[in-house]
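Shown next, in structure tokens, is the structure this report addresses.
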Number of protein chains: 2
Amino acid sequence: MKLEKAASQLEALGNPTRLQLYRILVRAGDDGLPVGSIQEKLDIPSSTLSHHLKRLVDTGLVKQERQATTLICRANYPGMNELIGYLADECCADAKCAPATSKAMA
Amino acid sequence: MKLEKAASQLEALGNPTRLQLYRILVRAGDDGLPVGSIQEKLDIPSSTLSHHLKRLVDTGLVKQERQATTLICRANYPGMNELIGYLADECCADAKCAPATSKAMA
DNA sequence: AGCTAATTTCGAAAAATGTGGAAATAGGAT
DNA sequence: ATCCTATTTCCACATTTTTCGAAATTAGCT
């Protein structure tokens, strides 16, 4: 993963609304959630939500799938894992990190 | 870890210059690096660097220690581990992630 | 064709961020 | 005391982000 890509994903998640949004999608699991339902949960205007959602989709952290008129959104786990992997690598590159969470990848 | 804090750390890392800066500090290991040396590596004005550095320090991702006139900077691994832990938790909350990096914390 | 519901795009204003030169400050050394 | 080096703070400006109402679009239904 390139630094530029990692930075844009981090930036995408580095906004409270978007992080909350991402969280909601993660908790929604494989079923995902239509945009409308997310909007109810977050209680923000649809146009605002649409922008945030676009950001997450553009950086590969969220995937969308049309189902008739509604758009189902799902957290894209591989995208997140890539990012976590990058951070862990950067963090543990030369140094020894206290393995709090990142202990895998033998 | 609160969502707000995670978001601010993510935002801090979500800038190419700052991510690069953090990377440099990680690779510098326990010895850390004086601000001046970082500046040479990044080749940016000192005032700009100082702003970015402050951001990382404020969010707990970097620690600084005075040594006479120079300021030694070090990556704060516990801070990063907390963040990675938060992301892993969010990511794996209900869903099953392919355990790419986050397999610990039995 | 026309209607309704879901979502995005447009346009615009306020706020935050990124950047850097110049001045100020901190910490010794002579 | 004065000076020197390292770093931060001040100030200002350009760019980007955030926000959201209104209009446009998409998709299916009748």
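So that the names make sense, note that chain A is the first sequence line, chain B the second, and so on, each numbered from 1.
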Quick one: side chain to side chain donor-acceptor pair (under 3.5 Å) partners of A:Gln67, sequence neighbours excluded?
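Checked A:Gln67 against side chain to side chain donor-acceptor pair (under 3.5 Å); zero matches.
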Going by the rule side chain to side chain donor-acceptor pair (under 3.5 Å), which residues pair with B:Lys41 if we only count those two or more places apart in sequence or in a different chain?
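So B:Lys41 forms no side chain to side chain donor-acceptor pair (under 3.5 Å) with any residue.
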For nucleotides 14-30 of chain C, give me one character per nucleotide, 5' to 3': B if any protein heavy atom sits under 4.0 Å from the base, S if the only such contacts are to the sugar-phosphate, - if neither.
---SSBBBB----BS--
Can you check whether A:Leu21 reaches A:Leu53 side chain to side chain, under 4.5 Å on heavy atoms?
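The answer is yes; the side chains approach within 4.5 Å.
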Using a 4.5 Å cut-off on heavy atoms from C-beta on, say whether the side chain of B:Ile38 contacts that of B:Leu49.
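Yes; the side chains approach each other to less than 4.5 Å.
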Any salt bridge (charged side-chain N to carboxylate O under 4.0 Å, His left out) involving residues 8-23 of chain A? Give me the pairs, sequence neighbours left out, ordered by first then second residue.
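Applying salt bridge (charged side-chain N to carboxylate O under 4.0 Å, His left out) to every pair that reaches into residues 8-23 of chain A, excluding sequence neighbours, yields A:Glu11-A:Arg55, A:Arg23-B:Glu90.
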Leading and trailing nucleotides of DNA chain D with any atom under 4.0 Å from heavy atoms of chain A
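Range of nucleotides touched by chain A: D:dT17 to D:dG28.
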By salt bridge (charged side-chain N to carboxylate O under 4.0 Å, His left out) - contacts of A:Lys5 (at least two apart)
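For A:Lys5, the residues satisfying salt bridge (charged side-chain N to carboxylate O under 4.0 Å, His left out) (neighbours in sequence not counted) are A:Glu82.
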Exercise: identify the closest heavy-atom pair between B:Val35 and B:Cys73
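Nearest pair, atom of B:Val35 first, then B:Cys73: CG2-SG, 3.8 Å.
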